[in-house]
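I have placed the structure first, in the form of structure tokens, so that the comments after it can refer back to it.
Residue numbers begin at 1 in each chain, while the letters A, B, ... track the order of the sequences. Excluded from the calculations below are hydrogen atoms, water molecules and symmetry mates; all remaining heavy atoms, backbone and side chain alike, are included.
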2 protein chains.
Amino acid sequence: MAASPSESETLLTPSEVAALFRVDPKTVTRWAKSGKLSSIRTLGGHRRYHEVEVRDLLNGIPVQGTVD
Amino acid sequence: MAASPSESETLLTPSEVAALFRVDPKTVTRWAKSGKLSSIRTLGGHRRYHEVEVRDLLNGIPVQGTVD
DNA sequence: ACATAGTAGGGTAATTAGGGTA
DNA sequence: AGTGTCCTAATTACCCTACTAT
């Protein structure tokens, strides 16, 4: 049985994603707001990103249907 | 086991690469478009270059199979 | 409750992409 | 063929203060 993909996923902080792309953390936030990158919100409002999605993006694999 | 080369690599901005080669950033872009230099893209379309590859090129070590 | 580091938010300057040209 | 420069539009970086994460 396949569990929901939303669970058991390693989450990355904005600064970690920023380091992988060599951009500013604010830029990653901008990507999330634009819907270019899906994001989870902590109860305090901070964003967390799926590692698998980020790594796919780094490898040039486009991801679809991701709205913040 | 060889992991994806896109991971765990320090990336350089176009201007940083340009400074290392003492050329205009536009020239670095042309190298990437020609496939002479591999590059990844930010979600906004800006290019980032692998530092190790740039270092090798600076040392006269040719790199193969790099298509923009 | 306190301290440190990271993040959200808004606003402004600096880079970059892309085409065309010298 | 290869590089530098000019242009506009888009993207990204840095400034700040307040709030969250640990």
Below 4.0 Å: OP1/OP2 of D:dT3 and any side-chain N or O of B:R30: no
Inter-residue atom distance B:T27.OG1 - B:K36.NZ, 0.5 Å rounding: 10.0 Å
Whole-Å distance separating the CG atom of A:L11 from the P atom of C:dG6: 18 Å
A:S15 vs C:dT7: side-chain N/O to OP1/OP2 distance below 4.0 Å: yes
Pair A:W31-A:V23, side-chain contact (heavy atoms from CB on, under 4.5 Å): steps then yes or no: CA-CA 11 Å; A:W31 293 344; A:V23 295; 3.9 Å; yes
Rounded interatomic separation in angstrom, taking CD from A:E16 and C1' from C:dT7: 13 Å
Under 3.5 Å donor-acceptor, A:R22 side chain and B:R48 backbone: no
Cluster link B:V52 to B:L20, ILVMFWY, side chain under 4.5 Å: no
Heavy-atom closest contact (A:Y49 atom, A:S38 atom, distance): CD2-O, 3.5 Å
Distance, nearest 0.5 Å, that separates NE2 of B:H50 from CG of B:D56: 12.0 Å
Counterpart base for D:dT3, defined by Watson-Crick or G-U wobble contacts under 3.5 Å: C:dA22
Test item: A:L57 and A:L37 side chains (from C-beta on) under 4.5 Å apart, heavy atoms: yes
Any A:R47 side-chain N or O less than 4.0 Å from OP1/OP2 of C:dT7: no
Watson-Crick or G-U counterpart of C:dA5, or none if no pair lies under 3.5 Å: D:dT20
Interatomic distance, B:Y49 OH vs C:dT16 P [rounded to whole Å]: 9 Å
Below 4.0 Å: OP1/OP2 of D:dT3 and any side-chain N or O of B:W31: yes
C:dG9 phosphate, OP1 or OP2, under 4.0 Å from A:K33 side-chain N/O: no
OP1 or OP2 of C:dG6 under 4.0 Å from side-chain N/O of A:T13: no
Using a cutoff of under 3.5 Å, can you pull out all pairs of nitrogen or oxygen atoms linking the protein to nucleotides 19-22 of chain D, with atom names and distances?
| residue | atom | partner | partner atom | Å |
| --- | --- | --- | --- | --- |
| D:dT20 | O4' | A:H46 | NE2 | 3.3 |
| D:dA21 | OP1 | A:T42 | OG1 | 2.8 |
| D:dA21 | OP1 | A:G44 | N | 3.2 |

B:L11 vs B:E51, side-chain contact (heavy atoms from CB on, under 4.5 Å): CA-CA, chis, key distance, verdict: CA-CA 5 Å; B:L11 299 175; B:E51 183 181 35; over 6 Å; no
CA sep, side-chain torsions, deciding dist, call: B:R47, B:K33, side-chain contact (heavy atoms from CB on, under 4.5 Å): CA-CA 10 Å; B:R47 295 186 182 82; B:K33 293 178 66 177; 3.6 Å; yes
Nucleic acid contacts of residues 20-28 of chain B, taken as heavy-atom distances under 4.0 Å to DNA chain D: B:V23, B:D24, B:K26, B:T27
